[in-house]
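Notes to accompany the following structure.
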Number of protein chains: 2
Amino acid sequence: MGASLKDVAQLAGVSVKTVSNVVNNRPHVTPAMRERVQRAVDALDYRPNLTARHLRKGRTGIIALAVPELGNPYFAELAGAVVDAAARFDYTVLLDHTAGRREQEVLVTQGFRAHVIDGLILSPIELETADLLGRRDDAPLVLLGEREYDAPYDQIAIDNVAAARTAVRHLTGLGRQRIAFLGARRELARQPAHLRLRGWREELTAAGLPHDDSLVAATDGYGRWDGAAAMNALLNQGAQPDAVFAYNDLMALGAMRALGERGLRVPQDVSVVGFDDIEDGRFGAVTLTTVSPDKQAIARLAVERVVARLTGDPQVEPERIQPGYRLVARESTAPPPA
Amino acid sequence: MGASLKDVAQLAGVSVKTVSNVVNNRPHVTPAMRERVQRAVDALDYRPNLTARHLRKGRTGIIALAVPELGNPYFAELAGAVVDAAARFDYTVLLDHTAGRREQEVLVTQGFRAHVIDGLILSPIELETADLLGRRDDAPLVLLGEREYDAPYDQIAIDNVAAARTAVRHLTGLGRQRIAFLGARRELARQPAHLRLRGWREELTAAGLPHDDSLVAATDGYGRWDGAAAMNALLNQGAQPDAVFAYNDLMALGAMRALGERGLRVPQDVSVVGFDDIEDGRFGAVTLTTVSPDKQAIARLAVERVVARLTGDPQVEPERIQPGYRLVARESTAPPPA
DNA sequence: CTGAAAGCGCTTACAG
DNA sequence: CTGAAAGCGCTTACAG
């Protein structure tokens with residue numbers, strides 16, 4: 001067991017209050033006193049017990065971040081950014097993953113870790129508005145990502161419809177006409193890809209192109225494997241897309257692999273656009289064009305929001321904040337030969 | 001603020017002890033009493049304050065995991081596995097990243113989070129034995145990965161020399177003779193790739209091949225970009241490898257990209273083997289042969305070890321535990337035409 | 001089987 | 001400017 005404040009006070013021959021003042025760098029302590037206490041602190045290798053401090057202050061200095069899947073580089077990269085952003089506010093990050101399952105998301109949301117975390121940043125997949133409305137835990141909660149909720153919580157998400165339209169416009173601008181969408185959900189009730197699918201539809205309409213449902217592939221998951229499977233399914237059904245807009249980069253990468261296995265060349269035969277701008281997309285045999293959300297901003301805004309709720313006026317209206325994004329054009333949509 | 005034990009006791013008309021017993025599922029409480037207390041718990045939506053509980057018990061239920069970089073899928077995948085393994089012991093995981101910098105690693109190791117974490121799992125890059133010997137924090141520490149230390153701590157790492165030899169043997173078995181190694185360190189003093197480089201050398205010798213230092217490329221980092229840069233540097237110096245063994249998959253992926261840009265075909269012209277078995281390697285245009293460490297086992301062993309130190313006899317000798325690995329052959333080393 | 005009380009290690013009014 | 005004391009919300013011997 002380490003030394004306590006009391007031990008230090010005893011050794012230094014002062015009260016615990018004084019030691020506390022020194023340890024917390026409070027003013028109004030004479031240099032000589034500070035020096036004397038510091039010597040005792042060093043001698044005993046004293047380190048404050050944060051648990052006790054937190055019990056006293058009602059704060060732990062820990063923010064939880066709950067993401068669906070750490071194996072998805074998007075969330076891994078985002079988690080790294082959140083850890084950095086939190087560090088700037090002296091918060092540390094406790095990591096959860098929900099596997100995108102509603103029960104897990106609800107659990108996290110209901111504060112099963114009540115009192116150990118000060119706030120929560122959650123990127124939900126299946127969570128419903130009702131789950132949020134039934135929430136009783138009062139730790140600040142900030143939502144990330146494209147699911148839309150009718151509940152009084154801050155949410156950080158880029159404008160997914162507009163971003164998807166930008167991606168599709170990039171494709172139509174290349175002269176592509178049969179643009180497939182990969183990553184709709186089989187179960188319509190739980191539709192995270194909703195907004196991106198809508199963007200696809202809207203932009204096709206704007207371009208005077210039909211939106212052909214036989215070019216929409218549904219999946220259960222959002223990994224490389226799902227992308228490859230969806231691509232194969234489409235091709236097996238006889239679809240002949242000249243472009244693919246995938247729900248995310250992982251699926252786009254899987255789709256490119258599937259296209260390659262069938263001898264279809266990217267970008268000559270099929271242009272491909274993903275979403276997320278994960279590092280993987282920048283180093284493949286064919287680099288991937290993608291919609292790049294500003295992850296640093298997302299992380300920073302989320303942390304700032306949690307901290308603001310923790311320290312500020314709780315009556316401030318919850319907001320929907322939209323960080324920026326940009327389209328990064330790479331080889332997978334290099335212009336086809338004229 | 002939520003309700004406390006005391007509030008519940010008051011409402012139920014019993015002592016806090018009894019409530020505590022019920023909440024903690026202790027035996028010897030009559031069903032009627034349990035029922036009565038439970039009703040009060042529900043009415044007040046009482047949830048125990050873990051901070052207080054932990055202060056009392058001296059444990060927090062939190063294990064820290066410190067990795068160099070979450071953006072590296074290997075560590076992201078490993079982190080996911082650690083979170084899962086810890087959950088089975090009712091521990092949650094607090095995530096740190098060190099950027100592979102010695103100061104950060106030392107900081108983490110010296111218990112700057114003393115008393116908030118029960119134990120630490122660290123994957124060091126630059127940490128030195130001396131840093132470990134100077135450690136004063138008494139929270140259990142388990143080391144991960146290939147750095148070798150002469151300090152009394154548990155370490156979980158596959159046999160890197162043997163694993164590297166397996167990779168190189170796979171290459172020599174294909175008839176390759178000029179096998180480059182990517183990922184040595186420029187600064188020799190801090191040499192994480194040490195063991196894999198030794199494996200490369202030993203296996204070449206065993207195969208009766210020279211180990212040509214002009215085929216060894218040094219880097220500062222271990223990402224895709226570093227792999228591409230190292231590959232380019234080698235090629236620019238006039239090296240003509242017919243195979244590449246990279247320190248990790250990320251570098252191998254970067255190298256493949258660089259080879260492709262120069263018109264060198266994988267596997268026809270150059271065979272490539274990586275290390276880590278990250279998912280990215282399974283879905284490129286050319287899938288990547290790799291050494292696949294058993295990540296589930298690594299995570300499980302690390303957590304078990306921390307928990308054992310926490311609950312068991314602290315006098316047990318620190319061990320070096322070697323989980324399994326296997327070579328996964330994929331397209332990047334498909335046999336060249338005879 | 002249950003109650004009253006001490007104590008984990010801090011911080012913070014309250015005196016002096 | 002510093003000291004003595006209460007209290008954050010639990011758990012756990014100790015009585016009864």
Side-chain angles (χ1 to χ4, degrees), chain A residues 1-38 40-41 44-62 90 111 113-118 137-139, chain B residues 1-38 40-41 44-62 90 111 113-118 137-139:
Chain A
M1 228 33 256
S4 72
L5 257 196
K6 213 170 94 185
D7 301 327
V8 176
Q10 211 152 5
L11 181 62
V14 299
S15 80
V16 287
K17 173 69 200 295
T18 305
V19 180
S20 175
N21 280 341
V22 171
V23 170
N24 293 294
N25 258 311
R26 217 94 56 178
H28 306 310
V29 183
T30 62
M33 182 58 81
R34 192 178 292 279
E35 162 90 24
R36 176 143 67 108
V37 171
Q38 192 55 51
V41 164
L44 295 174
D45 192 30
Y46 167 76
R47 268 160 306 174
N49 182 325
L50 297 188
T51 302
R53 178 179 294 172
H54 293 147
L55 172 58
R56 192 53 242 251
K57 305 186 80 153
R59 294 272 171 77
T60 62
I62 298 178
D90 284 324
R113 235 164 233 159
H115 305 289
V116 358
I117 62 166
D118 291 343
D137 192 59
D138 51 5
Chain B
M1 227 37 253
S4 74
L5 256 197
K6 212 170 95 184
D7 301 327
V8 176
Q10 209 152 5
L11 180 62
V14 299
S15 80
V16 288
K17 173 70 200 292
T18 305
V19 179
S20 176
N21 280 341
V22 171
V23 169
N24 293 295
N25 258 312
R26 217 93 58 177
H28 306 310
V29 183
T30 62
M33 182 60 80
R34 191 177 293 277
E35 162 92 23
R36 176 142 68 108
V37 171
Q38 192 56 50
V41 165
L44 296 174
D45 192 30
Y46 168 76
R47 266 159 309 172
N49 182 326
L50 297 188
T51 302
R53 178 181 292 171
H54 293 146
L55 171 58
R56 192 53 245 250
K57 304 186 81 154
R59 294 271 171 76
T60 62
I62 298 178
D90 284 324
R113 236 163 233 158
H115 305 288
V116 358
I117 62 166
D118 291 343
D137 192 60
D138 51 4

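Just so it is clear: chains get the letters A, B, ... in the order the sequence lines come, proteins before strands, and each one is counted from 1. In this text the structure is predicted, and so the values were computed from the model without any measurement.
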Choosing from [options], which nucleotide comes nearest the side chain of [X]?
X        : options                  : answer
Ala52(A) : dG9(C), dT12(C), dG3(C)  : dG9(C)
Val16(A) : dC8(C), dA5(D), dT11(D)  : dA5(D)
Arg53(A) : dT11(C), dC10(D), dG9(C) : dT11(C)

With a non-hydrogen cut-off below 4.0 angstrom, is Asn21(B) in contact with a base, only sugar-phosphate, or nothing? nothing
Look at the side-chain N and O atoms of [X] and state whether any lies under 4.0 Å from the OP1 or OP2 oxygen of [N].
X        : N       : value
Asn24(A) : dT11(C) : yes
Thr18(A) : dG3(D)  : yes
Ser4(A)  : dG9(C)  : no
Ser20(B) : dT11(D) : yes

In whole Å, what is the span from the [atom1] atom of [X] to the [atom2] atom of [N]?
X        : N       : atom1 : atom2 : value
Lys6(A)  : dA4(D)  : NZ    : P     : 13 Å
Lys17(B) : dG16(D) : NZ    : C1'   : 13 Å
Leu5(A)  : dT12(C) : CG    : P     : 12 Å
Lys57(A) : dC10(C) : NZ    : P     : 13 Å
Asn25(A) : dT11(C) : CG    : P     : 12 Å
Leu44(B) : dG9(D)  : CG    : P     : 14 Å
Asp7(B)  : dG7(D)  : CG    : C1'   : 14 Å
Arg34(A) : dT2(D)  : CZ    : C1'   : 14 Å

Could you walk me through whether Arg47(A) and Asp137(B) pass side chain to side chain contact (heavy atoms under 4.5 Å, CB included), step by step? CA-CA 10 Å; Arg47(A) 268 160 306 174; Asp137(B) 192 60; 3.6 Å; yes
Nearest-nucleotide check on DNA chain D, Val14(A) vs Tyr46(B); residue mapping nearer the 5' end is Val14(A)
Closer to the 5' end of DNA chain C via nearest nucleotide, is it Arg56(B) or Gly13(B)? Gly13(B)
So which one's nearest nucleotide on DNA chain C is more toward 5', Leu55(A) or Ser15(B)? Ser15(B)
Beyond-backbone contact of [X] with [Y], side-chain heavy atoms, under 4.5 angstrom:
X        : Y        : result
Val8(A)  : Val22(A) : no
Thr18(B) : Arg36(B) : no
Val37(B) : Asn21(B) : no
Gln38(A) : Val41(A) : yes

dA4(C) - base-pair partner by Watson-Crick or wobble geometry, distances under 3.5 Å: none
Pairing check on dA13(C): which nucleotide meets the Watson-Crick or G-U wobble criteria with it, both distances under 3.5 Å? none
Which heavy atom of Ser15(B) sits nearest to which heavy atom of Ala9(B), and what is that distance? C-CB, 3.8 Å
